Participant: 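There's a structure below that I have some questions on.
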Number of protein chains: 2
Amino acid sequence: MALDTASLRSRAVESIPSPSLHEGGLFAGCPELVGSPFAYARDEEIYGEGEEAEFVYRVTSGAVRTYKILGDGRRQITGFHLPGDLFGFEPGEVHTHTAEAISETKVLMVRRRQVARAAATRAEVACQLWSVAASGLRHAQDHMLLLGRRSAVERVAAFLMDVDDRLGATGTFDLPMTRRDIADYLGLTLETVSRTVTQLESDGALLRAGGRRVSLRRGRMRRAIEA
Amino acid sequence: MALDTASLRSRAVESIPSPSLHEGGLFAGCPELVGSPFAYARDEEIYGEGEEAEFVYRVTSGAVRTYKILGDGRRQITGFHLPGDLFGFEPGEVHTHTAEAISETKVLMVRRRQVARAAATRAEVACQLWSVAASGLRHAQDHMLLLGRRSAVERVAAFLMDVDDRLGATGTFDLPMTRRDIADYLGLTLETVSRTVTQLESDGALLRAGGRRVSLRRGRMRRAIEA
DNA sequence: CGACACTTTGAATTATTTCAAGAGTGGTGG
DNA sequence: CCACCACTCTTGAAATAATTCAAAGTGTCG
């Protein structure tokens, strides 16, 4: 199950950064779409729902959350975006969600119009956009299954394994986001997330070391989901 | 909240098909992508999760559900697809969900490779693919908010209003799918859906006439959601 | 009419939430 | 270097929304 919605980056790309990252381009083989660097502070808004979608972004460092929010404050995070991930490029004129930096974050940004223009003339660019959107769609559908049909333990376990995968699948990592962010991503409360992590720990599916560091026992993790 | 990328179309829309349907093409302005007609019986599988994604489809009549299912039978319907809607075209080699006809259904199908080839050479085709995928993504994100953060009444009310919209917003229509399908789309049980419809009726937000016919009082409906 | 599938309703159960304290962590400044 | 503050995380107990199990009602179609 994929953590986020619009991510081009494969696991391999994590540890062996993609050429496009080194080139500084938003899209591989697109010298005209280099992108301007920009930085955001923790919790700073990158764009808001309803605003004109002027730019598209690629994370170079840090992390971003995108979410939708209801009038009474209920929030659903639709994706976490890590270095290498693209976000914010929808074909519509207006952003359909809000994006915020989770921590100090650097991005590359390109005008949406430039991308649209490149896509209109170069089939390969348009194909890249298609495949990015389609992989986002795949992730979104996996997440629908999680939100609609999985229990709290299953959600948390799947989430932790997914984060591990994206961070190199070493089994040990620091969670980059708060319990509240996790809860709002998994459709739970922060207390339930906390309790569930505790439960997984006492089931021997993971170990915790101060702060947000965890070590997963993937085998037991999977068993914990079944049980 | 959109019911789907591929949504419920009214009988009216069926009788006044879109231009592209008349052309018989899967994509507007693509004579090479005409598509072969094919028919499926009620509950017949069109393709299964994990199968090679050989074709892409456009519904010409009837209705299709696409879903993911867990080992123990828990099912999440990710979309209902109605006449005019495209489905089944993912850039990957393999279908990530199952598609079934909800009722007698006719489709046009085209080999995925043909589409991929057309997209590779014609930017406008690739752009169409992008925008179809992106609108699916938008829908998926709205649905995530519904699944992760909305109550049963809110889910059902939003669903009913969405169906009404797609059936011409007349306020009165027949639900084309079973309670179980609705439940599996909304992440609820069929009993909860049933109870919730009853509750909305006694709140004066809708009227029921035998079978699956309902008349919405949109104003009260919205108030029922708030209360 | 009778069979069958779908829907409604009821009562008991349960997973998750809510409300309410504490405990841990990290940063800042005295 | 320690004390303190703000923030996040954990834990407990009570409340609740939704589920589960069970049965009866409704409609449809041969």
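In what follows, chains are A, B, ... by sequence order, proteins preceding strands, each numbered from 1. Everything numeric in this text was worked out from a predicted model, so none of it was measured.
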Participant: Step through the shown structure and confirm whether more than 12 heavy atoms of other residues, nucleotides or ligands are within 6.0 Å of CZ on A/Arg42.
Facilitator: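 Result for CZ/A/Arg42: open.
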Participant: From CZ of A/Arg155 over to P of C/dT17, roughly how many Å is that when rounded to an integer?
Facilitator: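 Interatomic distance, CZ of A/Arg155 to P of C/dT17: 8 Å.
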Participant: If the plane angle is over 60° it's perpendicular, under 30° parallel, otherwise tilted; pick one for A/Tyr185 and A/Phe80.
Facilitator: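 Rings of A/Tyr185 and A/Phe80: tilted, 30 to 60°.
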Participant: Nearest to the A/Leu188 side chain among C/dT9, D/dT19, C/dT16, which nucleotide is it?
Facilitator: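 Among C/dT9, D/dT19, C/dT16, the one nearest the side chain of A/Leu188 is C/dT16.
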Participant: Does some side-chain heavy atom of A/Glu49 sit less than 4.5 Å from a side-chain heavy atom of A/Thr96?
Facilitator: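 A/Thr96 does not reach A/Glu49 side chain to side chain.
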Participant: Nearest whole angstrom, please: distance from the P of C/dG10 to the CD of B/Gln199.
Facilitator: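 The answer, rounded to whole Å, is 13 Å.
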Participant: The side chain of B/Arg179 lies closest to which of these nucleotides: D/dT11, C/dT7, C/dT17?
Facilitator: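 Looking only at side-chain atoms, B/Arg179 lies closest to C/dT7.
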Participant: Mind checking whether B/Phe55 and B/Phe38 have ring centres under 6.0 Å apart?
Facilitator: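 So the answer is no for these two rings.
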Participant: Between atom CG in B/Leu190 and atom P in C/dT8, what is the gap in whole Å?
Facilitator: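 Computing the B/Leu190:CG to C/dT8:P distance gives 10 Å.
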Participant: Does a donor on one side chain and an acceptor on the other come within less than 3.5 Å for A/Glu100 and A/Tyr67?
Facilitator: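 On atom types as modelled, these side chains qualify, holding a pair under 3.5 Å.
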Participant: Starting from P on C/dA11, measure out to CD on B/Glu191 and report it in whole angstrom.
Facilitator: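 These atoms are roughly 15 Å apart.
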Participant: What is the distance, rounded to the nearest whole Å, between atom CZ of A/Arg42 and atom P of D/dA6?
Facilitator: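 In whole Å, D/dA6 P and A/Arg42 CZ are 15 Å from each other.
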Participant: Reckon B/Arg212 has a side-chain N or O less than 4.0 Å from the OP1 or OP2 of C/dT7?
Facilitator: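 Looking at the OP1 and OP2 atoms of C/dT7, one of them is under 4.0 Å from a side-chain N or O of B/Arg212.
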Participant: What is the distance from CD of A/Glu201 to P of D/dC9, rounded to the nearest Å?
Facilitator: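 Interatomic distance, CD of A/Glu201 to P of D/dC9: 15 Å.
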Participant: Give a yes/no on whether any side-chain N or O of A/Thr189 is located under 4.0 angstrom from OP1 or OP2 of C/dT18.
Facilitator: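 Answer is no, no contact under 4.0 Å.
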Participant: To the nearest Å, give me how far apart CG (B/Asp72) and C1' (D/dT20) are.
Facilitator: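 Computing the B/Asp72:CG to D/dT20:C1' distance gives 15 Å.
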Participant: Once you apply a heavy-atom cut-off of 4.0 Å, does B/Ser194 come out as touching a base, just sugar-phosphate, or nothing?
Facilitator: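 Touches a base.
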Participant: With nearest nucleotides of DNA chain C determined for B/Arg195 and B/Asp43 from heavy-atom distances, which residue corresponds to the more 5′ nucleotide?
Facilitator: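 Checking each residue's closest nucleotide, the 5'-ward one belongs to B/Asp43.
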Participant: Rounded to whole angstroms, how far apart are CG on B/Leu186 and C1' on D/dT19?
Facilitator: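 After rounding, the gap between these two atoms is 15 Å.
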Participant: Between A/Thr192 and B/Arg150, just flag the one whose closest nucleotide in DNA chain D comes earlier from the 5' side.
Facilitator: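 Checking each residue's closest nucleotide, the 5'-ward one belongs to A/Thr192.
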